[in-house]
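What you see is a predicted model; the values in this text were computed from it and never measured.
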Amino acid sequence: MAFSRTLTFSSLLLLSVILLHLAEAHQTISIYGTPAPTPLPHTIDCGVACEGRCKLSSRPRLCKRACGSCCAVCKCVPPGTYGNLDSCPCYANLTTRNQIHKCP
């Protein structure tokens, strides 16, 4: 008899915890709206982005080649012709084998 009473109590406790968890999950969704779908992969036209990045370079073909390989890996190019590396950390952190910044 004591065993069935303990089993019933344990089952009710487990059910309560599950229902509480579901209620909290529903409340979180209702506060923040529906869960956001996973974003589609961001596509960028590396040719156009690198042309803008390298337009003032003294060696535009070399600049565009390096920028294009960085863009292919990082899927982003910082705005402007120089700096602004905080907008694309991957682009800023790529280095050559000699640990020199790869991306213009």
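- Of the listed residues (Cys76, Cys46, Cys50), just one forms a disulfide bond (SG atoms under 2.5 Å apart) with Cys71, and that residue is Cys46.
- Note that CG of Asn93 and NE2 of His101 are 7.5 Å apart. Values are rounded to the nearest 0.5 Å.
- SG atoms of Cys67 and Cys54 are separated by 2.5 angstrom or more, inconsistent with a disulfide link.
- The distance from atom OH of Tyr91 to atom CG of Asp86, rounded to the nearest 0.5 Å, is 13.5 Å.
- The minimum heavy-atom distance between Pro78 and Asn84, with the atom names listed, is CB-O, 3.3 Å.
- To the nearest 0.5 Å, atoms OG1 (Thr43) and NZ (Lys75) are separated by 10.0 Å.
- Ser69 and Ala66 make their closest contact through OG-O, 2.9 Å (heavy atoms, listed as atom of the first residue, atom of the second, distance).
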Derivation of the disulfide (SG to SG under 2.5 Å) call for Cys90 and Cys74: CA-CA 6 Å; Cys90 171; Cys74 297; 2.1 Å; yes
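- Cluster annotation: Val77 is not connected to Val73 through the hydrophobic network of ILVMFWY side chains, with a link wherever side-chain heavy atoms come within less than 4.5 Å.
- Atom NZ of residue Lys55 and atom NZ of residue Lys64 lie 11.5 Å apart, to the nearest 0.5 angstrom.
- How far CZ of Arg97 is from NZ of Lys102: 9.5 Å, rounded to the nearest 0.5 Å.
- If you take OG on Ser57 and CD on Glu51, they are separated by 12.5 Å, rounding to the nearest 0.5 Å.
- Of all the heavy atoms in Arg53 and Gly80, the pair that sits closest is CD-O, 3.1 Å.
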